[in-house]
A.B. asks: 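Please find one structure pasted underneath; my questions will follow.
What's counted below: heavy atoms across the whole structure, side chains too, no hydrogens, waters or symmetry copies. Proteins get letters first, then strands, A, B, ... in listed order; numbering begins at 1 in each.
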There are 2 protein chains.
Amino acid sequence: MACAPAILRFHTRKPNIFMGRRSEHSRDELRTLIIDAALELIKEQGSGSVTARQIAKSIGYTPGMLYAVFKNQHDIFLHVNLCTLESLQQHCINSCRNQPDPAKRLLLLGKAYWSFASEHTHQFDLLFARHESQDAEIPPALPVRVQALFALVETALVELLSPSDKDPNKDQVALAARALWSGVHGATELGLSDLFFFSPENSKTDAPNAAQQSEQVIDTLIQQFVAGWLATNPIK
Amino acid sequence: MACAPAILRFHTRKPNIFMGRRSEHSRDELRTLIIDAALELIKEQGSGSVTARQIAKSIGYTPGMLYAVFKNQHDIFLHVNLCTLESLQQHCINSCRNQPDPAKRLLLLGKAYWSFASEHTHQFDLLFARHESQDAEIPPALPVRVQALFALVETALVELLSPSDKDPNKDQVALAARALWSGVHGATELGLSDLFFFSPENSKTDAPNAAQQSEQVIDTLIQQFVAGWLATNPIK
DNA sequence: TCGTTATATTAAACAATGTTCAATTTAATC
DNA sequence: GATTAAATTGAACATTGTTTAATATAACGA
């Protein structure tokens with residue numbers, strides 16, 4: 001292979017990020033362009049009917065380009081989910097930041113979770129949709145954001161037990177927070193699907209709609225859980 | 001239109017279900033054939049990758065035939081969901097039919113719900129998947145089955161309060177049952193998605209897997225809820 | 001028994017989808 | 001200004017759900 005060295009010499013050139021670009025946008029700009037466009041389309045139509053061609057067209061590109069930036073469609077949606085999770089987190093934090101009473105704060109958090117889900121149904125659906133495992137890695141920021149959500153609940157639960165003392169069983173608190181919030185999440189899911197099926201005879205003349213039912217179920221769940229939490233954990 | 005009556009005469013013949021059949025199967029047999037085939041494929045692959053061609057091929061027919069029996073693919077899946085819901089219901093009933101203690105029964109129900117979901121993940125996913133509204137009507141048997149599931153919880157909650165007395169507030173019981181079961185459902189969903197994200201430092205050297213976590217979360221939720229239920233409702 | 005009629009099923013087509021990749025355009029480099 | 005490498009395209013590919021004209025077949029009437 002006498003010619004190999006001569007050929008390899010050409011490959012030693014340092015690559016440049018801007019080489020050969022045709023558009024105004026850097027790779028990172030393209031990333032956010034794509035994610036924002038996808039998010040917008042999902043808000044309008046739901047993720048199920050958003051196509052690669054739609055996303056590309058809405059930012060003035062060709063579908064093929066998307067695959068130079070993201071691994072596949074599912075990869076794009078994963079990064080949309082990151083945005084959604086961030087919005088959800090902010091919405092929850094804002095809903096209760098001025099409420100010092102931990103029990104009331106939990107109720108506000110529950111209402112916020114439901115209101116976000118019902119006002120951003122398509123985003124919420126995608127966030128918790130369970131596709132069979134695609135070949136795209138979960139962004140590492142996702143677990144962090146979920147934990148941050150749980151932390152809000154954990155704090156409230158700790159405050160409920162000991163407003164002054166600060167030595168709770170962390171394992172127990174983490175478990176309780178996840179149990180309680182699983183409940184709020186489940187009620188939200190069932191509420192969105194309108195799956196409560198209250199017997200008509202049980203309710204009065206004016207049957208509550210799905211949204212009212214959900215809020216009632218969530219409130220009940222939180223109240224009962226808090227009552228149980230206080231009953232089983234004696235105030236130190 | 002002098003000829004009209006002559007033509008119309010032919011149309012007065014009574015239609016017969018077996019007219020022109022080429023196969024051994026009646027329309028109803030085809031319905032169950034299709035549903036069973038779809039169910040089997042969903043168990044193996046998950047609904048997301050089951051195609052009309054696969055279903056048709058597995059029962060020795062052509063995809064076009066499916067559309068003479070069902071409105072569309074979503075319609076087929078809805079009827080698969082009916083089977084799934086029936087299995088889930090049976091699984092739950094069987095899990096606790098010999099347990100007289102209502103609190104223990106609720107725990108068994110929770111375990112059963114989780115075990116069904118984790119052993120039939122693909123079916124469970126399809127059952128609660130929230131597609132954007134397709135044009136196929138929900139089978140009327142579905143609400144009935146969901147209510148039957150809630151009834152198991154309602155009964156246990158009533159027994160918890162008054163083992164002998166039988167005059168509970170029905171609205172309150174219905175609400176509490178849905179709240180509690182929303183929780184179990186939510187914990188199941190989050191568990192399947194492995195979204196609990198317990199901080200590693202909180203757990204001991206041997207971190208529990210997703211299944212163990214889910215069962216623990218579900219147990220905690222039920223125990224706390226029951227404690228709250230007993231605390232807020234004085235025994236009559 | 002033999003056409004006639006109504007149904008059941010097919011086969012082929014359709015438009016739309018996600019994705020790939022050779023070809024092309026463009027910018028940076030020598 | 002020629003060369004090199006990256007960015008983007010555009011056309012293709014295999015699949016998908018679904019429709020529909022054509023066909024095969026069973027029941028009916030005489």
A.B. asks: Listed by chain and number, what are the side-chain hydrogen bond (donor to acceptor under 3.5 Å, both in side chains) partners of A:His91, not counting sequence neighbours?
C.D. replies: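 Counting only residues at least two positions away or on another chain, A:His91 forms a side-chain hydrogen bond (donor to acceptor under 3.5 Å, both in side chains) with A:Ser115.
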
A.B. asks: Counting heavy atoms from C-beta on, name the nucleotide in C:dT9, D:dT8, D:dG10 closest to the side chain of A:Arg27.
C.D. replies: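 So the nucleotide nearest the side chain must be D:dT8.
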
A.B. asks: Any side-chain N or O of A:Arg53 below 4.0 angstrom from OP1/OP2 of C:dA15?
C.D. replies: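 No, outside the criterion.
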
A.B. asks: Surrounding CD1 of A:Ile138 (heavy atoms of other residues, nucleotides or ligands, distance under 6.0 Å), is the total greater than 12?
C.D. replies: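 No, the 6.0 Å shell around CD1 holds no more than 12 heavy atoms from other groups.
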
A.B. asks: Can you figure out which of C:dT9, C:dT19, D:dT9 approaches the side chain of A:Tyr61 most closely?
C.D. replies: D:dT9

A.B. asks: By nearest atom, which of the nucleotides D:dT9, C:dT9, D:dT18 is closest to the B:Gln73 side chain?
C.D. replies: D:dT18

A.B. asks: Kindly point out which of C:dA11, D:dT9, C:dT19 is positioned nearest to the side chain of A:Pro63?
C.D. replies: C:dT19

A.B. asks: If you assign B:Met65 and A:Lys71 each to the DNA chain C nucleotide with the nearest heavy atom, which residue ends up on the more 5' nucleotide?
C.D. replies: B:Met65

A.B. asks: Give the nucleotide from the list C:dT10, C:dG18, D:dT9 with an atom nearest to the side chain of A:Ala52.
C.D. replies: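 Given the options C:dT10, C:dG18, D:dT9, the side chain of A:Ala52 is closest to C:dG18.
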
A.B. asks: For A:Gly64 and B:Gly60, find the nucleotide of DNA chain C closest to each by heavy atoms; which residue's nucleotide sits nearer the 5' end?
C.D. replies: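 The residue mapped nearer the 5' terminus is B:Gly60.
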
A.B. asks: If only side-chain N and O atoms of A:Tyr67 are considered, is one of them under 4.0 Å from the OP1 or OP2 phosphate oxygen of C:dT19?
C.D. replies: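 So the side chain of A:Tyr67 is within the cut-off, an N or O lying under 4.0 Å from OP1 or OP2 of C:dT19.
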
A.B. asks: What pair of heavy atoms forms the shortest contact from A:Ala38 to A:Val80, and how long is it?
C.D. replies: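 In this case the closest contact between A:Ala38 and A:Val80 is CB-CG2, 3.9 Å.
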
